[in-house]
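Each remark here refers to the structure printed beneath this line.
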Amino acid sequence: MGWTLLRGWTALVYLFMFLPIAVVVLLSFNASQFGSFPMTGVSLRWFGELAQNEAILRAFRTSIVLGALTAVISTTIGVLASLALVRYRVPGRNAISTLLIAPILVPEVVLAVALLLFLNALSINKSFGLLLAGHVIFTLPFVILVVQARLVGIRRDVEEAAMSLGASPVQTFFQITLPLLAPAVFAGMLFAFTISFDDITGTLFWKPGGVETVPTQIFAMLRNSISPEINALGTVMIFLTAGLPLLGIALARRLALQRGG
Amino acid sequence: MTVEAREARQPFILLSPALVSVLLLLIVPLCFIVVYSFWLRTATGADQVGFYLDNWREALSDAFYRDILLNTLKIAAITTAVCAVMGYPAAYVIARSRGNKALLLLLLMLPFWISYIIRTMSWINILGASGAVNSLLMTLGITDEPIRMLYNEASVILGLVHFLLPFMILNIYVSLEGIDTTLEDAACSLGATRWRTFLEVTLPLSLPGLAAGGLLAFVLAAGTYITPIVLGGPTDAMFANLVFEAIITQLDWPLGSALSLMLLAVLGALVLLYNHFLGMGQLMKGLS
């Protein structure tokens with residue numbers, strides 16, 4: 001009896017998490033011009049309008065470029081740091097780890113204010129560069145956590161074998177460690193991309209006037225009212241930000257299967 | 001240079017981009033806003049450099065700020081408690097289920113990838129005047145007029161719970177997963193009922209995960225800015241909204257700095273307390 005009750009509760013919890021999202025997807029196909037119930041029919045009209053909306057397309061481009069740059073920079077820095085923390089005896093390792101994770105623990109609003117004011121004091125005005133720097137510092141801890149976790153699982157002997165056969169540390173890294181680490185690097189990049197793509201609080205502080213990312217664009221549109229177009233945009237975002245990682249996981253699994261034989 | 005010296009330097013060469021980033025983009029800016037909070041906003045709109053306590057006096061003594069800070073902490077506490085009560089049984093079921101564990105975990109990860117602003121606004125579709133609930137109630141004839149369920153403190157908490165629940169479940173799940181199940185079997189074989197086994201073995205052993213999830217949920221909820229704007233009424237501003245107002249709208253950067261530091265101090269104290277009693281290790285486990 002108890003177990004059934006627990007499972008029922010769990011089903012309700014999952015329903016709670018997914019029902020609102022399902023409703024966004026459902027309403028995005030609403031033929032009515034209001035983004036709400038009752039639905040008057042099924043239509044792709046709002047996706048069409050979306051594809052015509054210059055502001056939204058521009059926001060998409062900004063978000064994708066920002067997310068991609070954030071992912072590359074953050075993952076590069078993160079992989080180097082993880083290597084040092086896992087593969088070397090570093091004095092003050094715990095303090096350094098905590099320092100590198102700190103951006104998660106500082107409330108995002110505070111981080112946003114600090115960075116904005118500091119760069120402004122250096123006479124660096126709001127720019128795409130500030131936005132990028134903010135996103136990198138914000139995603140770095142997540143990349144380090146993901147990469148470190150995987151690196152701990154890669155046996156050191158393989159690297160040592162390569163070195164004893166005459167490979168330089170750089171060669172060893174690119175030919176042995178990196179291929180083994182690839183899934184984590186990939187996961188870290190995806191993680192950084194989605195976090196950057198989704199970020200809104202910091203972005204609102206850092207973005208220069210006139211520049212919008214997809215979340216800030218949605219936020220601005222919400223100020224008026226909820227329209228079917230927002231639901232359509234939400235649906236696109238759901239499939240993009242959840243679909244991409246799912247695709248990534250499927251790909252990684254297939255690769256691992258092929259390699260593992 | 002000796003080989004040893006070169007080897008000792010290597011990790012720091014690898015670490016330097018990360019350390020420089022964190023120092024330059026987080027630590028130094030944080031020190032800088034401490035300094036900034038003692039400057040003064042003048043009537044002309046320029047910031048006067050110096051050592052003035054005015055911002056701090058205003059931030060600490062004005063009942064307006066204090067009330068919103070207390071309200072923010074209250075909302076964060078309720079959100080955390082609701083997440084714990086809703087999430088614990090779910091985490092338990094995931095940890096102890098055999099067949100569909102992978103699927104349940106994947107579904108739990110999915111919300112992390114679905115945009116926060118979309119998840120927040122999705123509640124308007126559910127609770128709004130012409131949302132799913134009201135639409136259903138009116139179709140069934142239970143009510144003639146839409147019931148007002150949005151734009152109050154409860155809808156803010158609901159939105160926050162929806163956002164933070166996966167964090168909580170994942171953290172509890174990780175610590176439940178780490179429990180040696182033979183301990184539970186041992187308790188059972190010694191005659192404890194399942195409920196007693198849970199209360200005296202499982203629950204205590206999973207408390208670190210509950211605490212890690214609770215800390216994350218509380219800190220994230222207390223720092224939230226978007227949810228009260230989208231789902232709250234005009235009087236439901238939280239502390240982060242005050243900071244945004246001061247910095248972006250009023251351009252009163254010294255006051256905004258003092259307010260930011262106030263929030264950081266309160267939440268930082270909590271993190272330090274957590275670190276003192278439980279250490280950061282558990283939090284790292286839950287995050288990765």
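Labels below follow one simple rule: chain letters A, B, ... track the order of the sequence lines, proteins then strands, and each chain is numbered from 1.
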Practice prompt. Please report the closest heavy-atom contact between B:V230 and A:F219, naming both atoms and the distance.
Written response: CG2-CE1, 4.1 Å
Discussion item. Heavy-atom cut-off 4.5 Å, strictly under: side chain, backbone, both or neither for A:R223 against chain B?
Written reply: side chain
Item to complete: Look at the rings of B:W123 and A:F16 and say which category their plane angle falls in: under 30° parallel, 30 to 60° tilted, over 60° perpendicular.
Response: tilted
Worksheet item: So which heavy atom on B:L25 is nearest to which on A:A133, and how close?
Response: CD1-O, 3.6 Å
Practice prompt. Report yes or no: does A:D198 contribute a side-chain atom to a donor-acceptor pair with the main-chain N or O of B:Y116 at less than 3.5 Å?
Written response: yes
Worksheet entry | Nearest heavy atoms of B:I114 and A:A242, plus distance in Å | CG1-CB, 4.0 Å
Worksheet item: So which heavy atom on B:H162 is nearest to which on A:M17, and how close?
Response: NE2-O, 2.9 Å
Practice prompt. Could you walk me through whether B:F244 and A:F205 pass the ring pair (Phe, Tyr, Trp, His ring centres under 6.0 Å) test, one step at a time?
Written response: CA-CA 8 Å; B:F244 189 88; A:F205 279 87; 5.0 Å; yes
Discussion item. Give me the atom names and distance for the closest heavy-atom approach of A:A84 to B:L14.
Written reply: CB-CB, 3.7 Å
Discussion item. Would you say the rings of A:F118 and B:Y36 are close, in the sense that their centroids are separated by under 6.0 Å?
Written reply: no
Practice prompt. Check A:L80 against B:P17 and note the closest heavy-atom contact, atom names and distance.
Written response: CD1-CG, 4.1 Å
Fill in: For chain B, the option from A:T194, A:I21, A:I195, A:L19 that forms the most heavy-atom pairs under 4.5 Å
A:I21
Item to complete: Go through A:L83, A:V106, A:L111, A:L26 and name the one with the most non-hydrogen pairs under 4.5 angstrom from chain B.
Response: A:V106
Worksheet item: Checking heavy atoms, do the side chain of A:A11, its backbone, both or neither come under 4.5 Å from chain B?
Response: neither
Worksheet item: Which bit of A:L115 comes within less than 4.5 Å of chain B, counting heavy atoms only: side chain, backbone, both or neither?
Response: both
Worksheet item: Can you tell me if A:W9 uses its side chain to pair, donor with acceptor, with the backbone of B:M86 under 3.5 Å?
Response: yes
Fill in: Closest-packed option against chain B by number of heavy-atom pairs under 4.5 Å, given A:T216, A:I200, A:I230
A:I200
